[in-house]
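Notes follow once the structure below has been shown.
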Amino acid sequence: ESFLKGRKIELGRNRELKKLYKNAFSWAKIFFNATVKESVRFEAFELEKNLYSIPKISTVFKKDIDKVLSKSKKNDNVMLPISSSQGDFDFDNIAFNKEDTAIVDWEDYESKSHPFFDIEFLIFNTAMYFYGTKKHLESFNKFFSENSYAYKITNQYLDDYCKFLKLNKDMFYLMSILDTAKIINNGYKKHNVVPMQSKDFLKALINLYLREVE
């Protein structure tokens with residue numbers, strides 16, 4: 001990695017965020033087109049099974065989960081394209097200059113995945129570290145506050161990516177919630193802890209989804 005031409009993102013700067021998204025989303029589209037294989041049906045039941053498998057869900061949290069599951073049913077049987085995922089599409093693994101984008105750290109690569117997986121890692125890891133606070137969720141909530149530049153620019157690029165995939169943005173959030181539930185239940189490969197592994201993050205993600213779809 002130290003020999004790559006280019007540089008990594010400087011968090012906390014809006015112009016840098018736009019550069020990151022421009023390069024990363026362009027690369028993700030190329031990667032999708034190069035690796036897309038087939039399609040599978042989204043099943044709301046799988047989301048329900050994984051969410052209800054999480055231990056010690058509070059009654060209040062369960063009410064929000066029930067809202068998500070109710071809304072997810074309208075997307076039951078939506079066809080999801082299957083492509084490869086880099087597996088750790090974190091801002092810290094993306095180097096860029098004026099001409100090229102270099103993606104490093106491929107140890108979590110998957111040959112079969114859904115096309116939102118890498119984008120989840122990109123957006124949510126950036127959000128949790130963007131403002132440099134000691135608590136990841138403070139940064140996440142500030143990043144996604146409705147009047148923030150970060151939220152607006154994220155929506156702009158996410159809308160464009162969903163249009164590219166011919167899927168609605170609901171599916172991005174539902175797959176993000178499903179993946180987070182799986183990570184909470186099973187861990188993430190050989191990593192002991194990843195930021196998306198806490199119930200507090202899942203709560204924040206569900207609140208964001210409910211805000212976005214209502």
**Item:** Atom pair OG/OH of S72 and Y209 - distance to nearest 0.5 Å
**Value:** 6.5 Å
**Prompt:** Does any donor atom in the side chain of K203 or S198 lie under 3.5 Å from an acceptor atom in the other side chain?
**Reply:** no
**Request:** With rounding to the nearest 0.5 Å, note down the distance linking OH in Y161 to OG in S26.
**Result:** 11.5 Å
**Request:** Quick one: pull up CD1 in I153 and CG in N14 and give me the separation to the nearest 0.5 Å.
**Result:** 9.0 Å
**Request:** Give the C-alpha distance, both sets of side-chain angles, the deciding distance and a yes or no for side chain to side chain donor-acceptor pair (under 3.5 Å) between N207 and N141.
**Result:** CA-CA 10 Å; N207 287 338; N141 289 329; over 6 Å; no
**Asked** Ignoring hydrogens and geometry, is there a side-chain-to-backbone donor-acceptor pair from K199 to I54 under 3.5 Å?
**Response** no
**Prompt:** Is it the case that T154 and Y21 place a side-chain donor and acceptor less than 3.5 Å from each other?
**Reply:** yes
**Prompt:** Nearest 0.5 Å, what's the CG-OG distance between D108 and S85?
**Reply:** 8.5 Å
**Message:** Show the nearest heavy-atom pair for residues S148 and F143, with the distance to one decimal.
**Reply:** OG-O, 2.7 Å
**Request:** Can you establish whether the number of heavy atoms outside K166 located under 6.0 Å from its atom NZ is more than 12?
**Result:** no
**Complete:** Here the pair of heavy atoms bringing S84 nearest to T35 is N-OG1, 3.1 Å
**Prompt:** Are any non-hydrogen side-chain atoms of Y52 and I65 less than 4.5 angstrom apart?
**Reply:** yes
**Request:** Dump the intermediate steps for side-chain contact (heavy atoms from CB on, under 4.5 Å) on W106 and N93, then the final yes or no.
**Result:** CA-CA 9 Å; W106 287 78; N93 290 329; over 6 Å; no
**Ion pair check, E46 and K49, cut-off under 4.0 Å** = no
**Asked** Can any side-chain N or O of D118 pair as donor or acceptor with the backbone N or O of G87 at less than 3.5 Å?
**Response** yes
**Asked** Taking side chain as C-beta onward, heavy atoms only, is F121 less than 4.5 Å from D179?
**Response** no
**Message:** For the backbone of Y131 and the side chain of S139, can you confirm whether one donor and one acceptor N or O come within less than 3.5 Å of each other?
**Reply:** yes
**Asked** Does the pair D66/K62 count as a salt bridge with the N-to-O cut at 4.0 Å?
**Response** yes
**Asked** For the hydrophobic clusters of this structure (ILVMFWY residues joined by side-chain heavy atoms under 4.5 Å, transitively), does one cluster hold both M79 and V40?
**Response** no
**Side-chain donor/acceptor of K71 to backbone N/O of L174, under 3.5 Å** = no
**Item:** Non-hydrogen side-chain atoms of Y157 and K22 separated by less than 4.5 Å
**Value:** yes
**Prompt:** Is the closest side-chain heavy-atom distance between P115 and F31 below 4.5 Å?
**Reply:** no
**Joint hydrophobic cluster, F32 plus Y109, side-chain heavy atoms closer than 4.5 Å** = yes
**Item:** Residue pair D92 / N125, side-chain donor-acceptor N/O under 3.5 Å
**Value:** no
**Request:** State, to 0.1 Å, how close I57 and F61 come at their nearest heavy-atom pair, and which atoms those are.
**Result:** CG2-CD2, 3.8 Å
**Common cluster, I177/V60, ILVMFWY with side-chain heavy-atom separation under 4.5 Å** = no
**Request:** Return the orientation label for the H136 and Y129 ring planes: parallel under 30°, perpendicular over 60°, tilted otherwise.
**Result:** tilted
**Message:** When you compare the side chain of M175 with that of L80, does any pair of heavy atoms fall below 4.5 Å?
**Reply:** yes
**Message:** If you apply the rule side-chain contact (heavy atoms from CB on, under 4.5 Å), what do you find for M171 with L165, and how did you get there?
**Reply:** CA-CA 11 Å; M171 286 307 306; L165 295 175; over 6 Å; no
**Request:** Measure from the side-chain N and O atoms of Q86 to the backbone N and O of D88, and report whether any donor-acceptor pair falls under 3.5 Å.
**Result:** yes
**Asked** How far does NZ of K152 sit from CG of N147, to the nearest 0.5 angstrom?
**Response** 5.5 Å
**Asked** Would F164 end up clustered with V78 when hydrophobic side chains under 4.5 Å apart are linked, directly or stepwise?
**Response** yes
**Message:** Counting neighbours of CZ on F45 that are heavy atoms of other residues, nucleotides or ligands and sit closer than 6.0 Å, is the number greater than 12?
**Reply:** no
**Asked** Taking the side chain as C-beta and beyond, is there a heavy-atom pair between T180 and I206 under 4.5 Å?
**Response** no
**Prompt:** Once the angle between the rings of F117 and H114 is folded into 0 to 90°, is it parallel (under 30°), tilted (30 to 60°) or perpendicular (over 60°)?
**Reply:** perpendicular
**Message:** Using the ring centroid of each side chain, check whether F124 and F172 are separated by less than 6.0 Å.
**Reply:** yes
**Message:** How close do D76 and F42 get, counting heavy atoms only, and between which atoms?
**Reply:** OD1-O, 3.3 Å
**Item:** Closest non-hydrogen atom pair, N33 against V36
**Value:** O-CG1, 3.9 Å
**Request:** Measure the shortest side-chain to side-chain distance between V68 and L47 over non-hydrogen atoms and say whether it is less than 4.5 angstrom.
**Result:** yes
**Request:** Report yes or no: is the cationic atom of K142 (NZ for Lys, CZ for Arg) closer than 6.0 Å to the six-membered ring centre of F130, at no more than 45° off its axis?
**Result:** no
**Prompt:** Nearest 0.5 Å, what's the CG-CD1 distance between N23 and I94?
**Reply:** 8.5 Å
**Message:** With a 3.5 Å distance limit and no angle check, can you tell me whether D64 reaches the backbone of K67 through a side-chain donor-acceptor pair?
**Reply:** no
**Prompt:** Which pair of non-hydrogen atoms, one from L137 and one from F201, has the smallest distance, and what is that distance?
**Reply:** CD2-CA, 3.9 Å
**Message:** Would I123 and F116 count as a side-chain contact (heavy atoms from CB on, under 4.5 Å) here? Give the steps.
**Reply:** CA-CA 10 Å; I123 291 176; F116 288 126; over 6 Å; no
